[in-house]
Amino acid sequence: MDNRGKFTSNFGFIMAAVGSAVGLGNLWAFPYKLGANGGFAFLLIYIIMIFLVGFIVIIAELAIGRKTKLNPVGAFRALNKKFAFAGWFGIVAAFLILSFYSVLGGWSIKYFFTYIMDIFGKGFGDLSGEAFFNNFISDPVQPLIFTAMFIGIIFFISIAGVEKGIEKSAKIMMPMLFFILVIVIIRSVTLPNAMEGIKFIFKPDFSFLSNGKFGEVIAAALSQMFFSLSLGMGAMITYGSYLKKDANIEKNAILIPLFDTLIAVMAAIAIMPAVFSFNLDPAAGPGLLFVVLREVFASIPFGDIFGAAFFLLVIFAAVTSGVSLLEVVSSYFIDEKKFSRKKSASIVCSTCFALGIPVSLGFGLLKDVKLPQLNGVFVNILDFYDYVGEYVLMTLGAFILCIVVAYVIKPKTIVMEVEANGNVFKSKKYWCFMMKFITPLLVLLTFLTATGILNFQLIL
C-alpha cells in the first residue's frame, strides 16, 4: 500500500496548500495586527515582504519536496547529509504548533455549537462575550473535549490519504470558506459607520510610520507573512513531495500567497467594519475573534446565524491548517519508520493531545505557570509553545534552508527542478539574486526580531 500518495490535480494541490496557509493567522492575527500597525501601511509592507521573502522561499520548499519525494528530514538528508538536522526544525515546529493549535481549533468548534444553540435561546445565556469566554477556557474539562473533537476531525482526514482525505476535503472546505466569508463581509459592510473600517484598511495613511514605528511595522509584517504562509515548518516541502512532475512550481508559488493574502484581507473586511461600527478597539488582540465579535453578533439582527457561519469558516480554516501540520509529522514516520498512515497519524494525534492538555489548563488550573522566552520575558504555556514553534524553530529552519539552497546545493539545483518537464522559470534571475543576497538576510532578521533578540527599531 502507498502510504504517501500524491495530489491528483493541481487545483486539489492549490486548495490544500492554500488551506495549509489559511488558518487562524488569517482570520484572527492578520486583522488585529493590521489594526495595531497602521492599517493600510501594514498591508502594503506585508505585500512587499511576500515578493521579497514569501515567493522565494515557497519556490525552494516546493522544489525540494518534489525533487526528493520525502518528508523534511529525509529531504534535507537527500540534499546534503550534513544538513539533515535542519528538517527537524520543521518537524518539531509542526508538532508543537499542532499541540496548541488543536486547543484553539477546539475553541472554534465550541463557539460554532454555542451559536447554533443560541438560535434557540440556549447558548451564551446572559453572559457577556468576555465572561463566557473566560468561563469556558478556564474550565479544566470542557475545552479538552472540544480539543479531542478537533484532533479527531484532522485524524480521519489524514488516514483517508492524500487524494481522498487531504485533497478532497480541501476542495470542499476552501470554496465553502470563501463563500461564507463573502456572506459575512456583506453583513459587515452594511452596518452603520462600516466605511470607517474600510477606510482604515485601504485609505493611504502613512502617518503611523512617521511616529517612530516604521521598524516595528516592518517587523510585524515580516513575522505575519512568514507564519501566515507556513514557511520553514516543512508543510510546503511535504505537500511538494506529493506533487506530480508536470506541476508548475513557479505558478503555484504565486497562487498560494495570492489566495492566502486575499483571504486575509477579506477577513479584515469582514471584521474591521463591524469593529468600527460598534466603536470597538481594532487592535484588541486575540480577543478580537472570540470576545469582540461576540459583542458584534449579539447586537445585530440574525447575529446568531452570522456568528455560526463565521465560526464554521474558522473551523474550516483551522482544520485545513491542522491537517497540513499533522501531515508534516506523519510523513516522517511514514518515510523514515515505514509506519502505515493510520499508525503514524495515531501516534502524532495522541501525543499532540497529551501536549495540548497543559496548554488548555494554562488558562485555568495552570494559569500561574510562566515559561521563559529568549528575551527574558515569561509567558503562559500556549504562548511558550507558539514562541518556540513559530518564532524560533520555523524562522531558524527557513534561514538554514536559504543557506543550504544558496550556498550548498546552489540555486541551479532548484532551477533545474522548477524547469523539469519543460516548464519555463520566468523569474529565474530575480529568484536566484534574491535567494543568494536578500532573502536569507530578511529571514534572519525575522528570526532575530520575532524572538526578541533584536529590536528592529534600533537599527533604523
Got a sec, which residues hit side-chain contact (heavy atoms from CB on, under 4.5 Å) with [X], two or more places apart in sequence or on another chain?
{"X": "I347", "value": "F333, F339, K343, T351"}
{"X": "K199", "value": "E196, K203"}
{"X": "T320", "value": "M173, M174"}
{"X": "A253", "value": "F55, I58, I59"}

What's the verdict on side chain to side chain donor-acceptor pair (under 3.5 Å) for S20 and S324, showing C-alpha distance, side-chain angles and the deciding distance? CA-CA 5 Å; S20 172; S324 72; 2.9 Å; yes
Using 30° and 60° as the class boundaries, would you call the ring planes of F290 and Y111 parallel, tilted or perpendicular? perpendicular
Below 4.5 Å, heavy atoms only, C-beta onward: do [X] and [Y] meet side chain to side chain?
{"X": "F316", "Y": "I180", "answer": "yes"}
{"X": "F112", "Y": "V314", "answer": "no"}
{"X": "R341", "Y": "S330", "answer": "no"}
{"X": "V319", "Y": "F150", "answer": "yes"}
{"X": "F202", "Y": "L43", "answer": "yes"}
{"X": "F425", "Y": "W431", "answer": "yes"}
{"X": "T395", "Y": "F227", "answer": "yes"}
{"X": "K6", "Y": "V162", "answer": "no"}

Those residues that, when tested against [X], pass salt bridge (charged side-chain N to carboxylate O under 4.0 Å, His left out) (two or more places apart):
{"X": "E390", "value": "none"}
{"X": "K171", "value": "E167"}
{"X": "E163", "value": "none"}

What's the verdict on side-chain contact (heavy atoms from CB on, under 4.5 Å) for M49 and F226, showing C-alpha distance, side-chain angles and the deciding distance? CA-CA 9 Å; M49 292 305 160; F226 205 91; over 6 Å; no
Nearest 0.5 angstrom please: [X] [atom1] to [Y] [atom2], how far?
{"X": "E417", "Y": "L243", "atom1": "CD", "atom2": "CG", "answer": "9.5 Å"}
{"X": "I271", "Y": "L289", "atom1": "CD1", "atom2": "CG", "answer": "6.0 Å"}
{"X": "K33", "Y": "S223", "atom1": "NZ", "atom2": "OG", "answer": "4.0 Å"}
{"X": "I56", "Y": "K436", "atom1": "CD1", "atom2": "NZ", "answer": "13.0 Å"}
{"X": "K342", "Y": "F156", "atom1": "NZ", "atom2": "CZ", "answer": "8.0 Å"}
{"X": "L442", "Y": "T449", "atom1": "CG", "atom2": "OG1", "answer": "10.0 Å"}

Mind jotting down which residue pairs meet the side-chain hydrogen bond (donor to acceptor under 3.5 Å, both in side chains) criterion with at least one end in residues 76-104? Sequence neighbours excluded, please. R77-E336
Strictly by side-chain hydrogen bond (donor to acceptor under 3.5 Å, both in side chains), give each pair with a member in residues 260-269 just once, sequence neighbours left out. N26-D260, S228-D260
Any side-chain donor near an acceptor of the partner, D246 and N421, under 3.5 Å: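 No.
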So with a 6.0 Å cut-off around [atom1] of [X], is the heavy-atom count from everything else above 12?
{"X": "F83", "atom1": "CZ", "result": "yes"}
{"X": "F179", "atom1": "CZ", "result": "no"}
{"X": "K429", "atom1": "NZ", "result": "no"}

Heavy-atom closest contact ([X] atom, [Y] atom, distance):
{"X": "N423", "Y": "N248", "result": "ND2-CA, 4.0 Å"}
{"X": "T439", "Y": "L52", "result": "OG1-O, 2.8 Å"}
{"X": "S344", "Y": "I334", "result": "OG-CG1, 3.4 Å"}
{"X": "P440", "Y": "I403", "result": "CB-CD1, 4.4 Å"}
{"X": "A86", "Y": "I400", "result": "CB-CG2, 3.6 Å"}
{"X": "C352", "Y": "L98", "result": "SG-CD2, 3.7 Å"}

So, [X] side chain and [Y] main chain: donor-acceptor pair closer than 3.5 Å or not?
{"X": "S331", "Y": "V328", "answer": "yes"}
{"X": "S169", "Y": "I166", "answer": "yes"}
{"X": "S9", "Y": "G12", "answer": "yes"}
{"X": "S321", "Y": "A21", "answer": "no"}
{"X": "S158", "Y": "I154", "answer": "no"}
{"X": "T147", "Y": "P143", "answer": "yes"}

Quick test of your reading of the model: are [X] and [Y] salt-bridged, counting only N-O distances below 4.0 Å?
{"X": "K428", "Y": "E250", "result": "no"}
{"X": "R66", "Y": "E61", "result": "no"}
{"X": "K426", "Y": "E419", "result": "no"}

Salt bridge (charged side-chain N to carboxylate O under 4.0 Å, His left out): which pairs involve residues 400-415, sequence neighbours left out?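 Residue pairs passing salt bridge (charged side-chain N to carboxylate O under 4.0 Å, His left out), neighbours aside: none found.
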Yes or no on side-chain contact (heavy atoms from CB on, under 4.5 Å) for F399 and T446, after CA distance, side-chain angles and deciding distance? CA-CA 9 Å; F399 175 69; T446 305; over 6 Å; no
side-chain contact (heavy atoms from CB on, under 4.5 Å) between N71 and S241, worked out: CA-CA 7 Å; N71 65 89; S241 73; over 6 Å; no
Got a sec, which residues hit ring-ring contact (aromatic ring centres under 6.0 Å, His included) with Y239, two or more places apart in sequence or on another chain? F7
For I91 and F95, run side-chain contact (heavy atoms from CB on, under 4.5 Å): C-alpha distance rounded to whole Å, both residues' side-chain angles, the deciding distance at 0.1 Å, then the answer. CA-CA 6 Å; I91 298 288; F95 204 88; 5.6 Å; no
Donor-acceptor contacts, no H, no angles, side chain residues 366-377, under 3.5 Å, sequence neighbours left out:
unit_1, atom_1, unit_2, atom_2, d
Q373, NE2, N375, OD1, 3.2
N375, OD1, V377, N, 3.2

In F146, F100, F133, the residue satisfying ring-ring contact (aromatic ring centres under 6.0 Å, His included) with W107 is F133
